[in-house]
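These numbers come from a predicted model, not from an experiment. A note on names: the letters A, B, ... follow the listed sequences, proteins ahead of strands, and every chain is numbered from 1.
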Amino acid sequence: MAEFLQFLFSGITVGATYALAALGFTLIYNASNVINFAQGEFIMLGGMLAVYFSQAGLPLPAALVLAILVPAIVGVVLEKLAIEPVKGAEPVTLIIITIGASLVIRGLIQVWLGKNTFSLPAFSGDVPLQILGATLMPQSLWVLGVTAIVVVALWYFFNRTLHGKAMLATSFNRVAAELVGINTNWVLFLSFAMSAALGALGGILVTPLTLTSYDVGIMLGLKGFVAAVVGGLGNGLGAVLGGLLVGILEAMGAGYISSAYKDAMPFVLILLILFFMPRGLFGGQSTDRV
Amino acid sequence: MSKNPYLGLYLIMAVLLVLPFVLPNSFYVDLAIRMAINAVIVLGLNLLIGFAGQISLGHAGFLGIGAYATAILSTHFGWHPLLAMAAGAAAAGLLAAMVARPIFKLKGHYLAMATLGLGIIIHIVVRTEAQWTGGPDGMPVPPMSLAGFEISGDKHWYWIVAVLLSVSVWASLNLINSPFGRALRALHGSEVASKVVGVDVVRYKVAIFVLSAVFASIMGSVMAHYVGFVTPNLADFFHSIELVTMVVIGGMASVYGSVLGAVLLTALPQALTSFEGWETVAFGGILMLSMIFMPKGLVPTLSSKFGRGD
């Protein structure tokens, strides 16, 4: 039981990071039908920049804000320079462009900050909590708490604010949204900024637990993508549940089956799900995504 | 196109014939061999992506199957290299056939995700099963000998891959102009319309997926024997992306584009090694720029600019 709880805790913690990444994929996918393969690099940027700014002497809160802001700007630049000019291109073209972007970001960070592995001190100490025989790091509570707040804030944004509703409208029907006067370019801009910020936030939160380096973005991004597809691409709630599911499955798989195959679990899961439910767990039947 | 479609093939064969006599040293011969190997893989992948319109982000996995089948069967079990190569091709083809039906019910990003997952699983298996594969460090591959004649060194391998490349270009050109190729292009254009005119869409998708997987696996075996060593990198996600990028940069649905894409992108990392640390940045930047300004790829863009001779 204690062992099971232990796996569950670590699964939910890392799953929350995947959920934030998956939300990032979802935001951009809804606004533009683009799968942003650079999403993982925003996670990496968040962690690496938080380390850099705090080592440069900034107080932690300021360092964290900057580590969210800079990736958001990078996301916006990516959208302006590389995504907007090729509007309506084939998925393969967009996939290559965003993969190119991820290489550029990863390469720049490697040149600038080197190949070392970095860590960040936990936000509120390293004394583990004991729950029914399992231990929980205080940092895990940070990850879960912040993710929960983000989910609620996003829900509020999409259901109660004008900008949020404009984004929803754009995701349902771009032309119709433009006809009623929504600036869809602004929506695109906003979705890249928000998605990058979400990814960066996840990267920052998880760095005290898992360490970071210039090349962690690939796996984190791919698993976020798995989570988004598990949840049914474009579905916000699905993205969060998908993230948690992927995280838990990975932790359970590592604990009970084989730790060497930890990284393979999400991909086995996604194949099984796609084979039997081609639109993901929560992707309805109504829309035809071609 | 009213021009003779084989002109490009004759040009490639001429270049292949002259090349070994003008290349200054073995570094360039090695590079040429790698270019040719990649070109054959990309020709197969382009049939799938460019002509049939079905993306695969996990093709390096099939390459890995071929390479490791050769390595493992000839090292641990003493199989004849050709037999090992055939076994690898059969395994890759069988796996592709098994997953193809469920996978090709998917479209667009879902299909990308599924093929990506398949490739990553193969990579992780290869990296993890260290008692068979040497794990992350890789394993040596014994040299190949045919009828007592040992194939070794750049010179032998150069002529082998040169023949393989010529045959593959010729076969691709014929294939795309056959009824099979026309069916592939039809289902790229409109799946519904192809069904209406009686094309068995699923059967063609499965067939082309298996064919391109077998292509990749055989070239993986060739690569393994040529280099004499295999590592899991052969099968990793980044390599899959490199292969897709070769298809796209050269030009989708262009046989000669595949060859050009493979040549350019094989040379690129070599050309960039002098920019220590910046090669990743440059590689990514070139990918982005070429897609933004030439989304159709090099050969179709250039031929529509200059080749209006029809």
Requested in this report: Below 4.5 Å from any heavy atom of chain B, which atoms of A:Leu81 appear? Answer side chain, backbone, both or neither.
Outcome: backbone
**Report entry** A:Leu103 and B:Phe238: CA distance, side-chain angles, deciding distance, side chain to side chain contact (heavy atoms under 4.5 Å, CB included) verdict
**Finding:** CA-CA 10 Å; A:Leu103 291 176; B:Phe238 184 70; 3.6 Å; yes
Query raised in the report: Taking the side chain as C-beta and beyond, is there a heavy-atom pair between A:Leu108 and B:Trp278 under 4.5 Å?
Result: yes
Query - Top contributor to chain B contacts, counting heavy-atom pairs under 4.5 Å, from A:Ile99, A:Ile83, A:Val111 - result: A:Val111
Query raised in the report: Heavy-atom distance under 4.5 Å to chain A: side chain of B:Ile103, backbone, both or neither?
Result: both
Report task. Applying ring-ring contact (aromatic ring centres under 6.0 Å, His included), name anything that partners A:Tyr256, two or more places apart in sequence or on another chain. Result -> A:Phe7
Query raised in the report: A:Val104 versus B:Phe283: any side-chain heavy-atom pair under 4.5 Å?
Result: no
Query - Separation of B:Leu289 CG from A:Ile97 CD1 (nearest 0.5 Å) - result: 9.5 Å
Query raised in the report: Do A:Leu222 and B:Ile120 come close enough that some side-chain heavy atom pair is under 4.5 Å?
Result: yes
Query raised in the report: Using non-hydrogen atoms only, which part of B:Phe293 is less than 4.5 Å away from chain A: side chain, backbone, both, or neither?
Result: neither
Query raised in the report: At a heavy-atom separation under 4.5 Å, does B:Leu111 approach chain A through its side chain, its backbone, both, or neither?
Result: neither
**Report entry** Region of A:Val268 in contact with chain B, defined by heavy-atom distances below 4.5 Å
**Finding:** both
**Report entry** Nearest-0.5 Å distance that lies between atom CD1 in A:Ile270 and atom OH in B:Tyr110
**Finding:** 9.0 Å
Query raised in the report: Tell me, side chain or backbone of B:Ile55 under 4.5 Å from chain A's heavy atoms, or both, or neither?
Result: side chain
Query raised in the report: In Å and rounded to the nearest 0.5 Å, what is the CZ to CE distance from A:Phe267 to B:Met113?
Result: 5.5 Å
Query raised in the report: Side-chain contact, heavy-atom cut-off 4.5 Å: B:Ile124 with A:Lys262?
Result: no
Query - Heavy-atom check, side chain of B:Met288 versus side chain of A:Leu78, under 4.5 Å - result: yes
Report task. Tell me, for A:Ala260 versus chain B, whether the close heavy atoms (under 4.5 Å) come from the side chain, the backbone, both or neither. Result -> both
**Report entry** Contact class of B:Val247 relative to chain A, heavy atoms under 4.5 angstrom
**Finding:** neither
Query raised in the report: Among B:Ala112, B:Gly117, B:Ala282, B:Pro102, which has the most heavy-atom pairs under 4.5 Å with chain A?
Result: B:Pro102
Query raised in the report: So, do B:Leu57 and A:Phe37 sit near enough that their side-chain heavy atoms are less than 4.5 Å apart?
Result: yes
Query raised in the report: Is any side-chain heavy atom of A:Tyr214 closer than 4.5 Å to a side-chain heavy atom of B:Thr280?
Result: no
Requested in this report: Could you tell me whether B:Lys296 atom NZ has more than 12 heavy atoms of other residues or ligands within 6.0 Å of it?
Outcome: no
Query raised in the report: So which part of A:Leu274 gets closer than 4.5 Å to some heavy atom of chain B, the side chain, the backbone, both or neither?
Result: both
Requested in this report: Mind checking the CD-CE spacing from A:Glu90 to B:Met291? Nearest 0.5 Å is all I need.
Outcome: 10.5 Å
Requested in this report: With a 4.5 angstrom heavy-atom cut-off, could you sort out which part of A:Ile95 is near chain B: side chain, backbone, both or neither?
Outcome: side chain
